[in-house]
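All ligand and atom numbering here is 1-based and tracks the order in the structure.
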Amino acid sequence: MIKTAKQRINNDIEINKDILILAIESSCDETAAAVVRNGRSVLSNIISSQIDLHTIYGGVVPEIASRKHIEKINQVIEQALKEADVALKDIDAIAVTYGPGLVGALLVGVAEAKAISFATGIPLIGVHHIEGHICANYIEHDDLEPPFMSLVVSGGHTHLVNVVDYGVYEILGRTRDDAAGEAFDKVARAIGLGYPGGPKIDKVSKEGDPEAIDFPRAKVRDGEYDFSFSGLKSAVLNYLNSEKMAGREISVPDVAASFQKAVTDVLVEHSMNAVREYGAEKFAIAGGVASNSALRKAMETACEQEGIKFYRPSPVFCTDNAAMIGVAGYYEYLKGNFAGLDLNAIPNLKLGDR
Ligand code: KG4
Ligand code: ZN
């Protein structure tokens with residue numbers, strides 16, 4: 001007999017067994033699956049990246065991303081189960097990213113998760129991608145529990161979030177235009193570094209002078225914690241043009257390092273203002289840009305100065321992965337927040353919506 005999600009969770013709690021979540025992530029250009037035990041222990045974390053495919057186009061091509069997800073998803077899930085040394089019958093719930101992201105890409109993961117759930121009776125859980133990024137911090141930090149302040153900086157999002165409790169988020173600020181990662185990618189393209197821009201700017205900045213060029217640190221007048229990066233991107237483009245017109249040679253490492261410093265300064269300043277105002281005692285960064293070495297260092301120093309604890313995931317858990325979705329899924333599991341087979345991909349899903 002197939003048990004309902006409620007019967008399963010009651011049984012699990014009665015016998016106090018380990019909870020295994022199979023997680024699936026396909027919101028952008030990574031096809032990923034993972035198995036997570038009790039929300040904190042990653043038994044496997046398989047990521048099939050499409051970066052090489054999209055590099056030739058200078059960015060992610062949605063149609064290509066969806067097709068590649070379809071080709072890879074079964075293999076990636078099989079490998080995740082194999083590496084974790086578990087079978088589907090051992091899995092307590094399937095957690096899948098259902099938004100935000102590219103609709104065609106999301107649909108592949110959602111359809112796959114629903115198909116497995118329908119065929120096996122394993123409960124289904126829909127996970128918000130940004131919630132996943134925040135939850136990546138739980139993987140390597142057993143002591144981290146809400147409440148804490150978090151900055152999520154990725155290719156599509158820049159959110160300053162007060163994590164009130166597991167699954168309870170108060171958004172204090174967000175970007176008004178480009179996301180931080182998007183700014184990295186656009187500036188990298190302008191200075192000839194190519195895609196993906198973030199890691200390339202990070203690397204080349206190590207040889208540059210962050211004080212060489214005084215790029216603007218934008219403030220948003222009516223939103224203390226909001227961000228704006230399009231002005232900075234334009235300032236870099238204007239600088240490149242004017243130097244070219246004047247016949248001066250451009251130092252790519254100096255431009256990269258100065259741009260990176262401008263982004264980092266704003267992210268740190270807003271974050272620490274929020275920490276002070278809300279009296280936060282813990283601060284965690286998340287998302288692809290959180291793997292940036294200058295940002296990690298600057299945040300660590302700022303947190304030390306504020307006398308609060310600083311958390312950051314290892315780089316592999318910063319960029320898109322399914323382990324973080326499994327962690328977020330676990331806390332939804334504990335709340336009994338299961339999805340029906342009508343779960344759909346929501347490309348513009350807001351944090352806090354379910
Ligand atoms: O979280 P993520 O993998 O995907 C989204 O949810 O968007 O973030 C990808 C973004 C890209 O814009 C990429 O350039 C940026 O993260 N990124 C970095 C670094 N590694 C990845 N940005 C700055 N420095 C890095 N080391
Ligand atoms: Zn992401």
Going by the order shown, which atoms of ligand 1 are within less than 4.0 Å of some heavy atom of [X]?
X      : result
His133 : 1 (O), 6 (O)
Thr319 : 3 (O)
Gly181 : 12 (O)
Gly156 : 7 (O)
Ser154 : 1 (O), 5 (C), 6 (O), 7 (O), 8 (O)

[X] side chain to [Y] side chain, donor-acceptor N/O pair below 3.5 angstrom:
X      : Y      : value
Thr31  : His69  : yes
Tyr166 : Glu131 : no
Ser258 : Glu211 : no
Asp143 : Tyr311 : yes

Going by an N to O cut-off under 4.0 Å, is there a salt bridge joining [X] and [Y]?
X      : Y      : answer
Lys233 : Asp178 : yes
Arg67  : Glu63  : yes
Asp29  : Lys68  : no
Lys72  : Glu30  : no
Asp265 : Lys261 : yes
Asp222 : Arg176 : yes

Shortest protein contact, [atom] (heavy atom only):
atom                    : result
atom 24 (N) of ligand 1 : Asn292 ND2, 3.0 Å
atom 7 (O) of ligand 1  : Gly155 N, 2.8 Å
atom 21 (C) of ligand 1 : Gly288 O, 3.5 Å
atom 22 (N) of ligand 1 : Gly198 CA, 3.2 Å
atom 2 (P) of ligand 1  : Asp320 OD1, 3.3 Å

Using non-hydrogen atoms of the residue, decide whether [X] is closer than 4.0 angstrom to ligand 1.
X      : value
Ser291 : yes
Glu30  : no
His129 : yes

Apply salt bridge (charged side-chain N to carboxylate O under 4.0 Å, His left out) to Glu306 and Arg276, showing your working. CA-CA 8 Å; Glu306 290 299 324; Arg276 262 174 248 129; 2.8 Å; yes
Under 3.5 Å donor-acceptor, His157 side chain and Pro100 backbone: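 Side chain of His157 to backbone of Pro100, a donor-acceptor pair under 3.5 Å: no, none is there.
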**Study point:** Glu25 (side chain) donor-acceptor with Ser27 (main chain) under 3.5 angstrom
**Key:**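 Side chain of Glu25 to backbone of Ser27, a donor-acceptor pair under 3.5 Å: yes, one is there.
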For this session: Say whether Pro196, considering both its backbone and side-chain N or O atoms, lies within less than 3.5 Å of an N or O atom on ligand 1.
Result: no
Heavy-atom proximity to atom 11 (C) of ligand 1, picking from Asp185, Val289, Asp202, Val263, points to Asp185
### Message
Can you count the protein N/O/S atoms lying under 2.8 Å from the Zn ion (ligand 2), leaving waters out?
### Response
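Step by step: take the Zn ion (ligand 2), keep protein N, O, S below 2.8 Å, and you get 3.
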